[in-house]
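Working notes, structure below.
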Amino acid sequence: MAQAFAAEGAMVHLAGRRPEALRKVAAKIAGRTEIAQLDALDPAAVDRDVRDVVDRHGRLDVSINLISVDHVQGVPLVDMSADDFARGLDARARTHFITATAAARPMTTRGGGTILMLTASPDRTGIPMAGSFGVQCAAVESLSRALAVELGPYGVQVACLRSAGSPDAGGVDRVFDVHARNAGTTREDFDAAKAGRTLLRRLPSLAEVAQVAVWLASDRAAAVTASITNVTCGELLD
């Protein structure tokens with residue numbers, strides 16, 4: 001997504017806990033980038049960073065939270081402990097609330113902006129042994145709608161992208177490995193079966209999801225808010 005927004009001429013501000021990871025992303029971008037080290041679960045740190053961006057650049061146009069959140073998959077719910085089920089539930093809802101509301105404050109003052117969130121299909125499909133991941137995605141989608149209701153009168157859009165999972169994403173790749181082992185099949189056969197359940201007979205790539213994010217933040221999607229955009233290659237039918 002950082003690369004896609006930079007290709008459209010955006011100044012990309014990358015924030016996260018590990019500077020080395022941020023530098024790797026920045027090195028791939030042929031455009032203006034800057035990095036900031038912070039924890040997206042720290043409200044004060046996020047607020048300071050947003051204020052710093054606005055002070056230096058005069059505005060904040062788009063915000064999206066893509067941090068990884070620890071959670072457990074690959075275990076049947078009836079065999080999972082309550083602690084493992086709850087792992088990640090609070091963190092995912094909390095970090096999206098923190099970053100979205102921090103971005104919303106200067107956006108409402110200016111009268112415009114776009115807040116994006118990314119979820120995945122387990123909140124709507126019957127995927128066994130996904131743990132609380134689907135519940136987490138449903139919570140984020142509900143938050144996006146609630147924010148859209150409150151921020152719409154100020155000209156701020158809030159929207160979600162719901163992906164089927166991109167195998168070229170590191171986290172998705174590792175989770176697919178877990179589910180393939182649990183299903184007693186090869187990774188190749190697991191991927192083929194999952195792709196076969198989509199209308200396009202494939203899964204979305206990271207680049208394709210990123211292009212939809214850019215469109216949602218553009219003037220071409222100025223009438224879109226409180227929406228969950230389906231980028232599942234037809235795994236889900238809306």
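Below, each value reflects all heavy atoms present in this structure, side chains not excepted, and no hydrogens, waters or symmetry copies. As the structure is a computational prediction, the values presented were derived from the model and not from experiment.
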How close do [X] and [Y] get, counting heavy atoms only, and between which atoms?
X: Val209; Y: Pro204; answer: CG2-CB, 4.1 Å
X: Ala102; Y: Val46; answer: CB-CG1, 3.7 Å
X: Thr119; Y: Cys160; answer: CG2-SG, 4.0 Å
X: Ala40; Y: Ile67; answer: CB-CG2, 3.9 Å
X: Val62; Y: Ala217; answer: CG2-CB, 3.7 Å
X: Gly165; Y: Ser163; answer: N-OG, 2.9 Å

Notebook entry, point to check: Do Asp84 and Val75 pass the side-chain contact (heavy atoms from CB on, under 4.5 Å) test, and can you show the C-alpha distance, the side-chain angles, and the key distance before you say yes or no?
Noted result: CA-CA 10 Å; Asp84 280 347; Val75 179; over 6 Å; no

Check: Do any N or O atoms from the side chain of Thr99 and from the backbone of Thr95 form a donor-acceptor pair under 3.5 angstrom?
Finding: yes

Notebook entry, point to check: Should Met107 and Leu60 be marked as a side-chain contact (heavy atoms from CB on, under 4.5 Å) after you check the CA-CA gap, both sets of side-chain angles, and the distance that decides it?
Noted result: CA-CA 7 Å; Met107 289 180 179; Leu60 175 63; 4.1 Å; yes

To the nearest 0.5 Å, what is the distance between [atom1] ([X]) and [atom2] ([Y])?
X: Leu199; Y: Leu237; atom1: CG; atom2: CG; value: 5.5 Å
X: Thr114; Y: Leu216; atom1: OG1; atom2: CG; value: 8.0 Å
X: Asp42; Y: Ile98; atom1: CG; atom2: CD1; value: 7.5 Å
X: Gln211; Y: Phe5; atom1: CD; atom2: CZ; value: 9.0 Å
X: Leu147; Y: Thr101; atom1: CG; atom2: OG1; value: 7.5 Å
X: Cys137; Y: Asp123; atom1: SG; atom2: CG; value: 5.5 Å

Margin query: Does atom CZ (Phe190) have a neighbourhood of more than 12 heavy atoms from anything else shown, all under 6.0 Å?
Written below: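 Yes, CZ of Phe190 has more than 12 neighbouring heavy atoms, counting only those of other groups under 6.0 Å.
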
Considering only distance and modelled atom types, tabulate donor-acceptor pairs under 3.5 Å from the side chains of residues 7-31, sequence neighbours left out.
unit_1, atom_1, unit_2, atom_2, d
His13, ND1, Glu34, OE2, 2.8
His13, NE2, Asp49, OD1, 3.1
His13, NE2, Asp49, OD2, 2.8

Could you check whether any side-chain heavy atom of [X] comes within less than 4.5 Å of a side-chain heavy atom of [Y], counting everything from C-beta outward?
X: Met1; Y: Leu206; result: no
X: Val54; Y: Arg59; result: no
X: Leu118; Y: Leu66; result: yes
X: Leu236; Y: Arg162; result: yes
X: Asp191; Y: Leu203; result: no
X: Val224; Y: Trp215; result: yes
X: Met117; Y: Asn65; result: no
X: Leu151; Y: Ile115; result: yes

Is it the case that one hydrophobic cluster holds both [X] and [Y], taking links as side-chain heavy atoms less than 4.5 Å apart, direct or via other members?
X: Ile64; Y: Val231; value: yes
X: Leu116; Y: Val69; value: no
X: Val178; Y: Ile127; value: no
X: Val140; Y: Leu89; value: no
X: Val212; Y: Val214; value: yes

Notebook entry, point to check: Under the ring-ring contact (aromatic ring centres under 6.0 Å, His included) test, which residues partner His179, sequence neighbours left out?
Noted result: none

Cut-off 3.5 Å, no hydrogens considered: what does the side-chain donor-acceptor table look like for residues 129-136, sequence neighbours left out?
unit_1, atom_1, unit_2, atom_2, d
Ser132, OG, Phe85, O, 2.9
Ser132, OG, Gln136, NE2, 2.9
Gln136, OE1, Arg92, NE, 2.4
Gln136, OE1, Arg92, NH2, 3.2
Gln136, NE2, Arg87, O, 3.4

Note to self: Set out, in order, the CA-CA distance, both residues' side-chain angles and the distance that settles side-chain contact (heavy atoms from CB on, under 4.5 Å) for Arg105 and Asp47, then state yes or no.
What the structure shows: CA-CA 9 Å; Arg105 284 185 272 274; Asp47 275 334; 2.8 Å; yes

Checklist line | Asp189: partners by salt bridge (Lys or Arg N to Asp or Glu O under 4.0 Å), with sequence neighbours left out | finding: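 Applying salt bridge (Lys or Arg N to Asp or Glu O under 4.0 Å) to Asp189 gives none.
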
Note to self: The criterion is salt bridge (Lys or Arg N to Asp or Glu O under 4.0 Å); which residues satisfy it with Asp90, sequence neighbours excluded?
What the structure shows: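 Asp90: salt bridge (Lys or Arg N to Asp or Glu O under 4.0 Å) contacts with Arg94.
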
Note to self: Regarding Arg48 and Asp52, does a basic nitrogen lie under 4.0 Å from an acidic carboxylate oxygen?
What the structure shows: no

Next item on the list: Determine whether the side chains of Ser205 and Asp168 contain a donor N or O and an acceptor N or O closer than 3.5 Å.
Entry: no

Next item on the list: Name all pairs fulfilling the side-chain hydrogen bond (donor to acceptor under 3.5 Å, both in side chains) condition that reach into residues 220-235, sequence neighbours left out, sorted by first residue then second.
Entry: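 Pairs touching residues 220-235 that pass the test: Ser121-Glu235, Lys194-Glu235, Asn230-Thr232, Asn230-Asp238.
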
Notebook entry, point to check: For Ile228 and Ser144, what are the C-alpha separation, side-chain angles and deciding distance, and is it a side-chain contact (heavy atoms from CB on, under 4.5 Å)?
Noted result: CA-CA 9 Å; Ile228 312 298; Ser144 74; 3.9 Å; yes

